[in-house]
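Here's the structure we're looking at; comments come further down.
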There are 2 protein chains.
Amino acid sequence: MSEEKSTGRRAATGAPRPTRRSFTEEQVVDTALDLLDDGGPSALSIRAVAGRLGVNPNAVYTYVASRADLERAVIERVLAAVPLGPLSDPGVEWTAAVIQFALGLRDQLLAHPAVATLMMSGPMDGVAARDVGEAMFGCLARGGLPAQTRAHGVYAVIVQVLGAVALEVAETDGKPPLPPESERIAQRRAALDEVDATRWPRTAAHLDEIAAWNSVDQFVWGLRALLTGMTAA
Amino acid sequence: MSEEKSTGRRAATGAPRPTRRSFTEEQVVDTALDLLDDGGPSALSIRAVAGRLGVNPNAVYTYVASRADLERAVIERVLAAVPLGPLSDPGVEWTAAVIQFALGLRDQLLAHPAVATLMMSGPMDGVAARDVGEAMFGCLARGGLPAQTRAHGVYAVIVQVLGAVALEVAETDGKPPLPPESERIAQRRAALDEVDATRWPRTAAHLDEIAAWNSVDQFVWGLRALLTGMTAA
DNA sequence: ACCTGAACACCGTTCAAGT
DNA sequence: ACCTGAACACCGTTCAAGT
């Protein structure tokens, strides 16, 4: 109906021309996250996103380059919501700060369980991941750890935290809200009744503790052990 | 051509009748693992397994209940090949035994990278996983750790080991053999050149160390820190 | 009991065409 | 520039039928 070239601008202008997109990339990513939260890991697809937005499947490719690209964006979105404040708060002792941060990261991932799985299956090199690393480096430096220990320590903590959350989430259907901890432990405990005590006697002697492997207590215990060991080294 | 009921046996006999299966479940699982090794994570499908076996897609359901079931079987198969000997060798100091076992598990998973990812996305409650847990319990008991510490410690080690391997593998294409460590580190180092030193100064100060996060050295360092911290507690 | 053949309801991605 | 429409080459799983 109107003249497309009415502005008469050319490529000489570095600024991108105003577009007439129906959505923003943020909306597309939000939709993807909604799908994951509503239906678990298998609910995310380009076609499902398109369907929820009311467009043809291929229209999604206006906003993301591929399904993998969309997944990266969702991960970034969730990671960016993790509180980093504790790590740079000079009033909090550094190991307490790491634990507080780790609990916040865990909360965020348990709120979007399907994303936790996604995070373990691709490189974490986005802006939000960098921010996390940077804040961790700051915290360990504040703790007085020598440079080498700092670098090893930052990654060891990330491994412990993401590993624990991923294994925790792997036992759920990936749809938030997850059952409360007590319920998930009880379910594990019930399943452990099937363990053959003749074949795995030492395991059978620890059924209650094993059932609680998916607990905050275990999470913090592992992290504390790691932090203690890092400091000793 | 022949009489199907020639034996005349009935359901009263508990033993299953002899079958005329074209394959064994083991062959099907082997085929699945071959597909993963040849083509990475996305290469595994029921239809691809069927294709490689030369049968119709649904014939695969004679041997596995579902795709998820097949994945569980593949994980079990890989996990069963991890050497547990070190953990029960009384001649090896217990922390050295854990590290030796962990390196063996890492080797096995780096040889089948796609399986490492699979392992983080489902519950690990198979026979092979139980055997690993049992051996770990034995090792930590031999180390003289009190019962409570043992239970926490076994899981913390599993988290650290599987978390590290999963993140390591997540940066590859999942097809063995993976490039040698030096090459993978060099590639990470090159990518890190893009890091904005103004925005992430502490990160920028550690580019060489961060590039080496995917190394055996880092792997052992994290594990040692954890073991040290566990002993102190 | 185990296979084939056919079908259902999906995928990600690409291409050509419209506006 | 962004959308529609159509297509290609896939999925997991189910059902009915053959042997």
Side-chain angles (χ1 to χ4, degrees), chain A residues 1-11 13 15-25 27-28 31-32 35-36 38-74 114 118 121-122, chain B residues 1-11 13 15-25 27-28 31-32 35-36 38-74 114 118 121-122:
Chain A
M1 308 297 183
S2 59
E3 307 289 57
E4 309 297 295
K5 304 184 182 177
S6 57
T7 62
R9 277 186 291 175
R10 299 288 183 77
T13 308
R17 289 223 285 103
T19 61
R20 273 156 279 98
R21 286 171 126 90
S22 304
F23 320 100
T24 64
E25 195 203 317
Q27 279 176 291
V28 173
T31 304
L35 282 166
L36 286 170
D38 288 350
S42 65
L44 175 59
S45 72
I46 295 283
R47 297 180 103 105
V49 169
R52 201 166 271 209
L53 293 174
V55 294
N56 278 357
N58 50 1
V60 174
Y61 289 92
T62 302
Y63 303 91
V64 297
S66 63
R67 182 195 163 121
D69 186 52
L70 177 57
E71 290 179 352
R72 274 190 292 270
V74 172
L118 241 46
S121 52
Chain B
M1 308 293 188
S2 58
E3 307 289 59
E4 309 295 299
K5 304 183 181 177
S6 56
T7 62
R9 277 185 295 177
R10 298 286 182 76
T13 308
R17 291 222 285 100
T19 60
R20 271 155 280 97
R21 285 172 127 92
S22 303
F23 321 100
T24 65
E25 197 203 314
Q27 278 176 293
V28 172
T31 305
L35 282 165
L36 286 170
D38 289 351
S42 65
L44 176 58
S45 72
I46 294 284
R47 296 181 102 104
V49 169
R52 200 166 274 209
L53 293 174
V55 294
N56 277 358
N58 49 0
V60 174
Y61 288 92
T62 300
Y63 303 92
V64 298
S66 63
R67 182 194 163 123
D69 185 52
L70 177 57
E71 290 179 352
R72 274 190 291 270
V74 171
L118 241 44
S121 50

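Residue numbers begin at 1 in each chain, while the letters A, B, ... track the order of the sequences.
Residue A:S66 places none of its side-chain N or O atoms closer than 4.0 Å to OP1 or OP2 of C:dG12. Contact annotation: A:Y63 reaches the phosphate of D:dC3 (side-chain N/O to OP1 or OP2, under 4.0 Å). In terms of phosphate contacts, A:Y61 brings no side-chain nitrogen or oxygen within less than 4.0 Å of OP1 or OP2 of C:dG12. Contact annotation: A:S22 reaches the phosphate of D:dC3 (side-chain N/O to OP1 or OP2, under 4.0 Å).
In terms of heavy atoms, A:G39 sits closest to A:S42 at O-OG, 4.2 Å. Minimum heavy-atom separation, A:A114 to A:G40: CB-C, 4.1 Å. The minimum heavy-atom distance between A:P57 and A:A50, with the atom names listed, is CA-CB, 3.5 Å. Pairing each heavy atom of A:V74 with each of A:A32, the nearest pair is CG2-CB, 3.7 Å.
Judged as a ring-ring contact (aromatic ring centres under 6.0 Å, His included), and not counting sequence neighbours, the contacts of A:Y63 are A:F23. A search for side chain to side chain contact (heavy atoms under 4.5 Å, CB included) contacts involving A:A59 returns A:V55, not counting sequence neighbours. Among residues two or more places apart in sequence or in another chain, the side chain to side chain contact (heavy atoms under 4.5 Å, CB included) test is passed with A:R52 by A:T31, A:D34, A:L35, A:D38.
Two residues, B:A65 and A:V60, neighbour DNA chain D, and the one matched to the more 5' nucleotide by heavy-atom proximity is A:V60.
The side chain of B:A59 approaches C:dT4 more closely than any other nucleotide in the set D:dT14, C:dT4, D:dT4.
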How does DNA chain C read in dot-bracket, base by base from 5' to 3', with Watson-Crick or G-U pairs under 3.5 Å and | used when the partner is on another strand?
||.|||||...|||||.||
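Nucleotides D:dA9 and C:dA9, compared at atom P, are 23 Å apart to the nearest Å.
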Give the C-alpha distance, both sets of side-chain angles, the deciding distance and a yes or no for side-chain contact (heavy atoms from CB on, under 4.5 Å) between A:V64 and A:V49.
CA-CA 11 Å; A:V64 297; A:V49 169; over 6 Å; no
Please enumerate all protein N or O atoms sitting under 3.5 Å from an N or O of nucleotides 6-11 of chain D, with distances to 0.1 Å.
from	atom 1	to	atom 2	distance (Å)
D:dC11	OP1	B:S45	OG	3.3

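One atom, CG of B:N56, and another, C1' of D:dC15, lie 14 Å apart when rounded to the nearest Å. We find that CG of B:L53 is positioned 11 Å from P of C:dT4, with the value rounded to whole Å.
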Under 3.5 Å, which donor-acceptor pairs do the side chains of residues 65-72 of chain B form with other protein atoms, sequence neighbours left out?
from	atom 1	to	atom 2	distance (Å)
B:S66	OG	B:A68	N	3.4
B:S66	OG	B:D69	N	3.1
B:R67	NE	B:E71	OE2	2.9
B:R67	NH1	B:L44	O	3.1
B:R67	NH2	B:L44	O	3.2
B:R67	NH2	B:E71	OE2	3.3
B:D69	OD2	B:A65	N	3.1

